[in-house]
2 protein chains.
Amino acid sequence: MSSDTLNSEALSQKLAHSGLRNTPQREVVYKALLTRRDHPTADEVYARVRTDLSTISLATVYNCLETLVQCDLVRAVNFERGPTRYCPNLAPHAHFHDEETGSTFDIDLPPDLLGKIKDVLPPGYDADAVDIIFRGKTTATR
Amino acid sequence: MSSDTLNSEALSQKLAHSGLRNTPQREVVYKALLTRRDHPTADEVYARVRTDLSTISLATVYNCLETLVQCDLVRAVNFERGPTRYCPNLAPHAHFHDEETGSTFDIDLPPDLLGKIKDVLPPGYDADAVDIIFRGKTTATR
DNA sequence: AATAAGTTTAGAATAGTTCTAAATCTTACT
DNA sequence: AGTAAGATTTAGAACTATTCTAAACTTATT
């Protein structure tokens with residue numbers, strides 16, 4: 001089983017760790033991200049979870065996504081002015097945003113590179129996160 | 001004279017290169033970015049240029065900023081869901097966003113590092129830009 | 001001077017997100 | 001089991017940043 005396969009227990013644990021409860025809404029939202037890892041927007045997640053839980057509201061989808069981000073289960077990614085997209089990949093990675101198709105790809109980062117990048121920070125700058133976003137196009141040979 | 005000091009001729013040239021005209025509005029907007037390089041939002045630019053050109057409209061400020069970005073005179077930067085900020089620094093650099101104060105700092109990148117970062121892209125990914133954003137806090141010793 | 005093209009403007013419209021307050025669910029305690 | 005306290009969800013209103021629209025204005029060209 002991959003380390004981030006859905007697992008209610010594990011999700012409940014992570015939530016409990018922040019003093020939060022697990023709920024059906026949080027489960028379906030998290031599951032939606034894990035089963036199609038295409039960096040959906042809140043609207044897209046809403047559309048997907050409605051098939052499982054037809055009474056869920058868009059506000060709840062926003063709430064759940066925010067909760068998952070707070071619990072370090074999900075990353076929020078922003079491309080320029082576009083809507084926030086959500087990503088359950090917790091391994092260090094960059095994002096490639098294809099400006100022609102709008103699709104997003106995870107780009108794995110070699111373990112040493114993040115350190116090298118953080119080394120450019122002068123003393124007194126204390127970064128707890130680095131976002132790296134490539135913008136461009138992808139070609140057929142991909 | 002630093003390479004990006006305001007210079008109407010140079011601005012006109014760059015604009016003309018894209019088939020665009022220089023205008024008083026474009027000049028004051030560009031000047032506003034150059035004279036206080038604190039990554040202002042469109043609203044903040046609007047507030048600043050109104051002292052020079054009281055009749056300018058917010059829509060025009062947005063138009064001018066977009067024009068300057070298109071002509072490669074200015075970079076647009078986005079932090080999470082916040083409003084777009086504008087930066088006249090054309091040298092390769094990352095941004096550090098202090099989440100406590102909201103201020104933004106340019107972080108110079110050593111010449112080789114951008115290349116190293118682009119090297120992580122698998123074949124078929126063709127990036128024309130890389131945005132690197134640090135999030136965290138700055139301490140007194142900065 | 002007339003026409004065309006580029007630009008600015010005010011205000012309306014839009015998209016994405018957050019807020020609000022009431023309803024519902026869960027948990028802990030009696 | 002019954003109830004109070006707290007957490008969560010919900011629908012819809014509100015909000016913010018931005019873009020659109022169409023008219024007015026400016027500048028360049030015939």
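Below, read A as the first sequence line, B as the second, and so on, with proteins coming before strands; counting in each chain starts at 1. Any value given below was found using the heavy atoms of this structure, including those in side chains, with hydrogens, waters and symmetry copies removed.
- Rounded to whole angstrom, the span from the CG atom of B:Leu15 across to the C1' atom of D:dA28 amounts to 16 Å.
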Worksheet item: Taking protein heavy atoms under 4.0 Å as touching, what does nucleotides 11-18 of chain D look like 5' to 3' if B marks base contact, S marks sugar-phosphate-only contact and - marks none?
Response: BB----SB

Which donor-acceptor pairs under 3.5 Å do side chains of residues 128-136 of chain A form with protein atoms, sequence neighbours excluded?
unit_1, atom_1, unit_2, atom_2, d
A:Asp131, OD1, B:Arg135, NH2, 3.4
A:Asp131, OD2, B:Arg135, NE, 3.3
A:Asp131, OD2, B:Arg135, NH2, 3.2
A:Arg135, NE, A:Glu80, OE2, 3.1
A:Arg135, NE, B:Asp131, OD2, 3.3
A:Arg135, NH1, A:Glu80, OE2, 3.1
A:Arg135, NH2, B:Asp131, OD1, 3.4
A:Arg135, NH2, B:Asp131, OD2, 3.2

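- We find that CD of B:Glu80 is positioned 15 Å from C1' of C:dG16, with the value rounded to whole Å.
- Among pairs with a residue in residues 47-67 of chain A, none fulfils ring pair (Phe, Tyr, Trp, His ring centres under 6.0 Å), at least two apart in sequence or across chains.
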Using a cutoff of under 3.5 Å, can you pull out all pairs of nitrogen or oxygen atoms linking the protein to nucleotides 2-7 of chain C, with atom names and distances?
unit_1, atom_1, unit_2, atom_2, d
C:dG6, O4', B:Arg21, NH2, 3.3
C:dT7, OP1, B:Arg21, N, 2.7
C:dT7, OP1, B:Arg26, NH1, 2.8

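- Every residue meeting the ring pair (Phe, Tyr, Trp, His ring centres under 6.0 Å) condition with B:Phe96, not counting sequence neighbours, appears here in chain and number order: A:Tyr125.
- The distance between atom CG of B:Leu53 and atom C1' of C:dT9, rounded to the nearest whole Å, is 12 Å.
- For the pair A:Arg26 and A:Tyr30, the cation-pi criterion (under 6.0 Å, within 45° of the ring axis) is not fulfilled.
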Give the table of side-chain donor-acceptor pairs shorter than 3.5 Å for residues 12-20 of chain A, with sequence neighbours excluded, one pair per line with atom names and distance.
unit_1, atom_1, unit_2, atom_2, d
A:Ser12, OG, A:Ser8, O, 3.0
A:Ser12, OG, A:Asn22, ND2, 2.9

Worksheet item: Under the side chain to side chain contact (heavy atoms under 4.5 Å, CB included) criterion, do A:Leu33 and A:Leu65 qualify, and how do the steps go?
Response: CA-CA 10 Å; A:Leu33 293 179; A:Leu65 288 169; 3.8 Å; yes

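- Results of the side-chain contact (heavy atoms from CB on, under 4.5 Å) test with B:Tyr86 over B:Val69, B:Val77, B:Val61, B:Leu68 single out B:Val69 as the only residue that passes.
- The distance between atom CD of A:Glu66 and atom P of C:dC19, rounded to the nearest whole Å, is 10 Å.
- Under the 4.5 Å side-chain criterion, counting only non-hydrogen atoms from C-beta, B:His95 is in contact with B:Cys87.
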